[in-house]
Amino acid sequence: QVRHTAAIRKTSSHHPDIWINQATIGLNTDHDHDGHFSNFSITLDVDTHLVASAVYAVLYLSLEDDHWLEYAVSNNFIVRGSGPYDAFTIEADLESGYPSGYYNQFIEIYDAHSHEFLLSHGPGDSHALYGLPFESSHHDNRFTLSSDITLSFTGTGSSDFAFILPVVLLWGYRRWKR
């Protein structure tokens, strides 16, 4: 469920036993090639001093420093030590409600068992989470080019068979090649 929030629980926070080593954004889909993406992924490499810890992430977007909008809550995932092998990826499709613009990303990490807030990570912690070019998929117009050939014969004159036959044969050959 998506909800608008006027403020994040913490603007910046660090936990002594758990931290976000890296948060990377993958820009995936831009159908209209305008530089604003309607599908993206965020990969979180959360590390810990503990043997293992179950956590989940709450993700927010803010259009050009406006109010934060919660857009996703991850499933629980296990963090093991400080290696890169426990990275967790969330793929997001922005379907509606996101006009074209530059968005900031904010992440909150919670304990999966107690739901205790552990830490946050945002544009102040990583420039990779600032000014991301996003838009809803309904703003991301999809243009398709058709390779079908349509022949239309109109007019009042007459055409002889010698002219029409090569055109029809060429059309048939191109359809056969597909």
Side-chain angles (χ1 to χ4, degrees), residues 1-140:
Q1 179 176 344
V2 175
R3 67 178 188 261
H4 288 277
T5 55
I8 305 298
R9 291 182 195 223
K10 304 270 186 187
T11 55
S12 185
S13 171
H14 301 282
H15 192 275
D17 292 325
I18 194 164
W19 65 94
I20 294 179
N21 182 46
Q22 187 174 29
T24 57
I25 304 287
L27 303 174
N28 300 331
T29 305
D30 176 17
H31 290 290
D32 59 5
H33 306 290
D34 67 351
H36 289 80
F37 294 77
S38 60
N39 176 281
F40 65 94
S41 57
I42 181 165
T43 301
L44 303 174
D45 180 13
V46 181
D47 291 335
T48 183
H49 292 298
L50 306 172
V51 174
S53 184
V55 297
Y56 66 92
V58 179
L59 305 171
Y60 301 87
L61 289 176
S62 170
L63 175 60
E64 299 169 2
D65 296 321
D66 198 5
H67 290 98
W68 291 100
L69 174 68
E70 177 186 318
Y71 73 91
V73 177
S74 76
N75 295 328
N76 295 347
F77 58 99
I78 305 296
V79 177
R80 292 182 178 88
S82 60
Y85 303 109
D86 59 357
F88 187 80
T89 300
I90 300 163
E91 187 171 325
D93 281 306
L94 302 176
E95 293 180 8
S96 65
Y98 298 90
S100 295
Y102 295 93
Y103 289 80
N104 297 331
Q105 175 81 56
F106 194 84
I107 306 157
E108 293 179 332
I109 302 294
Y110 292 87
D111 182 275
H113 302 293
S114 69
H115 305 288
E116 173 192 358
F117 172 79
L118 299 175
L119 66 108
S120 63
H121 192 78
D125 302 302
S126 172
H127 292 292
L129 302 178
Y130 179 79
L132 300 164
F134 295 146
E135 66 186 352
S136 298
S137 58
H138 76 274
H139 292 296
D140 196 13

Taking the side chain as everything from C-beta on, heavy atoms only, tell me whether Glu70 gets closer than 4.5 Å to Leu59. no
Audit row: Asn28, Glu91, side chain to side chain donor-acceptor pair (under 3.5 Å) steps and yes/no: CA-CA 9 Å; Asn28 300 331; Glu91 187 171 325; 4.6 Å; no
Taken to the nearest 0.5 Å, the spacing of Ser62 OG from Leu69 CG works out to 9.0 Å
Are Ile107 and Ser120 side-chain neighbours, meaning at least one heavy-atom pair lies under 4.5 Å? no
How far does CG of Leu44 sit from CD1 of Ile90, to the nearest 0.5 angstrom? 5.5 Å
Would you say the side chain of His113 lies within less than 4.5 Å of the side chain of Asn76, judging by non-hydrogen atoms? no
Go through it in stages, so that I can follow the logic: the residues are Thr29 and His31, the test is side-chain contact (heavy atoms from CB on, under 4.5 Å), and I'd like the CA-CA distance, side-chain angles, deciding distance and then a yes or no. CA-CA 6 Å; Thr29 305; His31 290 290; 3.1 Å; yes
Straight-line distance of Glu135 CD to Asp30 CG, nearest 0.5 Å: 6.5 Å
From Leu27 CG over to Ser41 OG, what is the distance, rounded to the nearest 0.5 angstrom? 8.0 Å
Is any side-chain heavy atom of Phe134 closer than 4.5 Å to a side-chain heavy atom of Leu61? yes
Taking it one step at a time, do Tyr60 and Glu108 satisfy side chain to side chain donor-acceptor pair (under 3.5 Å)? CA-CA 8 Å; Tyr60 301 87; Glu108 293 179 332; 2.9 Å; yes
Side-chain heavy-atom pair Thr24, Gln22 within 4.5 angstrom cut-off: yes
Asp125 side-chain N/O to Gly122 backbone N/O, donor-acceptor pair under 3.5 Å: yes
Would you sort out whether Val46 and Trp19 count as a side-chain contact (heavy atoms from CB on, under 4.5 Å), showing the intermediate values? CA-CA 6 Å; Val46 181; Trp19 65 94; over 6 Å; no
Test Asn104 against every option in Leu132, Leu129, Asp65 by the side chain to side chain contact (heavy atoms under 4.5 Å, CB included) rule and name the one that passes. Asp65
Checking Asp93 side chain against Glu95 main chain: does a donor-acceptor pair fall under 3.5 Å? no
Taking the side chain as every heavy atom from C-beta outward, state whether Pro123 and Gln105 have any atom pair closer than 4.5 Å. no
Just verifying a value: how many Å separate Phe117 CZ and Ser114 OG, rounded to the nearest 0.5 Å? 12.5 Å
Given side chains that start at C-beta, do those of Phe77 and Val55 come closer than 4.5 Å, heavy atoms only? yes
Look only at the side chain of Asp45 and the backbone of Ala87, and say whether a donor-acceptor pair between them is shorter than 3.5 Å. no
What I'd like to find out is whether the side chain of Phe37 reaches to under 4.5 Å of the side chain of Pro133, using heavy atoms alone. yes
Is there a side-chain contact (heavy atoms from CB on, under 4.5 Å) between Tyr71 and Tyr98 once you walk through the steps? CA-CA 11 Å; Tyr71 73 91; Tyr98 298 90; 3.3 Å; yes
Between Tyr56 and Val73, does the side-chain contact (heavy atoms from CB on, under 4.5 Å) criterion hold? Intermediate values first, please. CA-CA 7 Å; Tyr56 66 92; Val73 177; 3.9 Å; yes
